[in-house]
Enquirer: 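Structure in C-alpha cells, see below.
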Amino acid sequence: IRGYVEFFRGSPIIIQLFIFFFTIPGLLHIIPDPFIVGALVFTMNSAAYQKGYIKGAMEAIFEDQMTAGLSIGLSKAQTILYVILPQALRLVIPAWSNEFSSLTKSTPALLAIAVSELAGVGQGIAAITFRPLETYAFVAMIYLAWISSVGKIADVLYEKVRIPGVEISA
C-alpha cells in the first residue's frame, strides 16, 4: 500500500496517464480506451489521497473513542465500525471537497490521452471562432461555478453532520 500511495501522490497525474495509457498497454500489446484509462488513473490517484485523509481523521479521534467503545463492551472491530469510522468520515468532508476541486482542475491533463473534456472543448471552440479570450473566460467560469457549487454543498453537509467540539476552530 505504501508503494501505491507514494507513486500516486508523488508523481504528476500526466505521467500517471502516460504510464497507464502508453507504457503498460504497449507492454501488454493492447489498445486501451482513453476514457477508461483516464477514469482509472483519476480514481487511483484520488484513492491514494483518500487513504491519508481517512487515516488522519481516524487518528484524530481514535484513542479516546476506542477506550470508550471498549469500556461499554464493544469489540475493537465494532468500535472502529460503529464509533470511530462514522466520526472520521464526518471530519474528512472538507478534505473531500478539496480533493474534488483539485481533481476537477486536473482534468485538462486528459487531453494528453485524447479524452475530450471541458478545457479541450474550449480549445476547439477558440480555434474555430478565433475568440480565445471569451472562450477561455467562459470555460473558467464553468469550472468556477461547478467547483464552487460542490464546495458549498460540502460545506452544508459538513455543518449538518459535524460533531460539536471535534472540529478545528479558527
Side-chain angles (χ1 to χ4, degrees), residues 1-58 60 85-86 88-162 167-170:
I1 291 174
R2 183 176 293 147
Y4 166 86
V5 170
E6 291 301 319
F7 171 75
F8 281 99
R9 289 179 61 178
S11 62
I13 203 158
I14 190 102
I15 299 301
Q16 296 164 19
L17 288 166
F18 287 163
I19 289 170
F20 283 86
F21 188 74
F22 297 113
T23 306
I24 295 172
L27 293 172
L28 300 174
H29 304 291
I30 59 173
I31 299 172
D33 178 87
F35 181 82
I36 291 173
V37 170
L40 177 71
V41 167
F42 272 69
T43 300
M44 292 170 65
N45 181 283
S46 182
Y49 284 94
Q50 298 308 317
K51 180 254 181 201
Y53 302 150
I54 293 171
K55 179 182 180 224
M58 287 180 72
L85 198 54
L89 292 177
R90 290 177 183 136
L91 288 177
V92 84
I93 291 171
W96 283 340
S97 175
N98 289 338
E99 177 69 7
F100 173 82
S101 175
S102 177
L103 279 178
T104 300
K105 292 185 289 184
S106 297
T107 59
L110 293 169
L111 290 170
I113 62 168
V115 174
S116 182
E117 54 74 63
L118 182 58
V121 171
Q123 185 179 29
I125 292 170
I128 292 169
T129 63
F130 299 104
R131 301 187 72 99
L133 178 64
E134 296 91 336
T135 303
Y136 292 126
F138 186 70
V139 167
M141 287 189 289
I142 293 171
Y143 275 113
L144 179 64
W146 175 241
I147 291 169
S148 296
S149 297
V150 172
K152 293 295 179 198
I153 291 168
D155 290 345
V156 168
L157 177 63
Y158 179 71
E159 283 301 314
K160 189 170 188 77
V161 300
R162 74 183 178 88
E167 70 277 351
I168 299 171
S169 60

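Atom set for the values below is all heavy atoms of this structure, side chains included, hydrogens, waters and symmetry mates excluded. For reference, positions follow the sequence shown, starting with 1. Bear in mind the structure is a predicted one, so any value in this text is a computation, not a measurement.
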Enquirer: Ignoring hydrogens and geometry, is there a side-chain-to-backbone donor-acceptor pair from T43 to A39 under 3.5 Å?
Expert: yes
Enquirer: Y49 versus L103: any side-chain heavy-atom pair under 4.5 Å?
Expert: no
Enquirer: Atom CD1 in I147, atom CG in N98: separation rounded to 0.5 Å?
Expert: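 So the CD1 of I147 and the CG of N98 are separated by 11.0 Å.
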Enquirer: Going by the rule ring pair (Phe, Tyr, Trp, His ring centres under 6.0 Å), which residues pair with F35 if we only count those two or more places apart in sequence or in a different chain?
Expert: none
Enquirer: With a 4.5 Å cut-off on side-chain heavy atoms, are V150 and S97 touching?
Expert: no
Enquirer: Count the heavy atoms of every other residue, nucleotide or ligand shown that sit under 6.0 Å from CG of L28, and state whether that count exceeds 12.
Expert: yes
Enquirer: With sequence neighbours excluded, tell me which residues meet side-chain contact (heavy atoms from CB on, under 4.5 Å) with E6.
Expert: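 Partners of E6 under the side-chain contact (heavy atoms from CB on, under 4.5 Å) test: R2.
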Enquirer: Do the non-hydrogen side-chain atoms of F22 and I113 ever get within less than 4.5 Å of each other?
Expert: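 A side-chain contact under 4.5 Å exists here.
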Enquirer: Residues in side chain to side chain donor-acceptor pair (under 3.5 Å) with Q16, at least two apart?
Expert: S11, N45
Enquirer: For F138, what residues pass the ring pair (Phe, Tyr, Trp, His ring centres under 6.0 Å) criterion, not counting sequence neighbours?
Expert: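 None.
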Enquirer: Hey, what do you get for NZ (K105) to CG (L144), rounding to the nearest 0.5 Å?
Expert: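 Separation between the atoms: 10.0 Å.
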Enquirer: Taking all non-hydrogen atoms of both residues, which atom of P94 and which atom of L91 are closest, and how far apart?
Expert: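 Heavy atoms only, the tightest pair is CD-O, 3.3 Å.
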Enquirer: List the steps and the verdict of side-chain contact (heavy atoms from CB on, under 4.5 Å) for F130 and T135.
Expert: CA-CA 9 Å; F130 299 104; T135 303; over 6 Å; no
Enquirer: Can you name the side-chain contact (heavy atoms from CB on, under 4.5 Å) partners of Y136, sequence neighbours left out?
Expert: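 Partners of Y136 by the side-chain contact (heavy atoms from CB on, under 4.5 Å) criterion, ordered by chain and then number, come out as Q123, A126, P132.
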Enquirer: With sequence neighbours excluded, tell me which residues meet side chain to side chain donor-acceptor pair (under 3.5 Å) with R9.
Expert: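 None.
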Enquirer: How would you list, by chain and number, every residue that makes a salt bridge (charged side-chain N to carboxylate O under 4.0 Å, His left out) with E99, sequence neighbours excluded?
Expert: none
Enquirer: With S101, which residues qualify under side chain to side chain donor-acceptor pair (under 3.5 Å), at least two apart?
Expert: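 Partners of S101 by the side chain to side chain donor-acceptor pair (under 3.5 Å) criterion come out as none, since no residue qualifies.
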Enquirer: Over all heavy atoms of both residues, which pair between F8 and A48 is shortest? Give the atoms and the distance, please.
Expert: CB-CB, 3.6 Å
Enquirer: Keeping to residues at least two apart or across chains, list the salt bridge (Lys or Arg N to Asp or Glu O under 4.0 Å) pairs with something in residues 133-144.
Expert: R131-E134
Enquirer: Which distance, rounded to the nearest 0.5 Å, do you find between the OH of Y158 and the CG of D155?
Expert: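 Reported value, rounded in 0.5 Å steps: 10.0 Å.
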Enquirer: Could you list the residues that satisfy side-chain contact (heavy atoms from CB on, under 4.5 Å) with P32, not counting sequence neighbours?
Expert: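 side-chain contact (heavy atoms from CB on, under 4.5 Å) check on P32 returns F21, P25, V37.
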Enquirer: Using every non-hydrogen atom in the two residues, find where I93 and A154 come nearest and quote the distance to one decimal.
Expert: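 Heavy-atom minimum between the residues: CG2-O, 3.5 Å.
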Enquirer: Only counting residues at least two apart or in another chain, list the ones meeting side chain to side chain donor-acceptor pair (under 3.5 Å) with T107.
Expert: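 Expected list: E117, Y143.
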Enquirer: Kindly give the heavy-atom pair with the smallest separation between A57 and A88, and that separation in Å.
Expert: CB-O, 3.5 Å
Enquirer: Supply the atom-to-atom distance L157 CG to K152 NZ, rounded to the nearest 0.5 angstrom.
Expert: 14.5 Å
Enquirer: Any chance you could measure L17, atom CG, to T23, atom OG1, to the nearest 0.5 Å?
Expert: 11.0 Å
Enquirer: So, for F100 and W146, is the gap between ring centers shorter than 6.0 Å?
Expert: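 F100 vs W146: aromatic centres under 6.0 Å.
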Enquirer: So, taking the atom named OH in Y4 and the one named NZ in K51, what distance separates them when rounded to the nearest 0.5 Å?
Expert: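 Atom-to-atom, Y4:OH and K51:NZ are 11.5 Å apart.
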Enquirer: Could you pull out all residues at least two apart from A137 that satisfy side-chain contact (heavy atoms from CB on, under 4.5 Å)?
Expert: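 In terms of side-chain contact (heavy atoms from CB on, under 4.5 Å), with neighbours along the sequence ignored, A137 is linked to no residue.
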Enquirer: Using every non-hydrogen atom in the two residues, find where I13 and A109 come nearest and quote the distance to one decimal.
Expert: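 Here I13 and A109 meet closest at CG2-CB, 4.0 Å.
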Enquirer: Looking only at heavy atoms, what is the nearest atom pair of G38 and L110, with distance?
Expert: CA-CD2, 3.6 Å
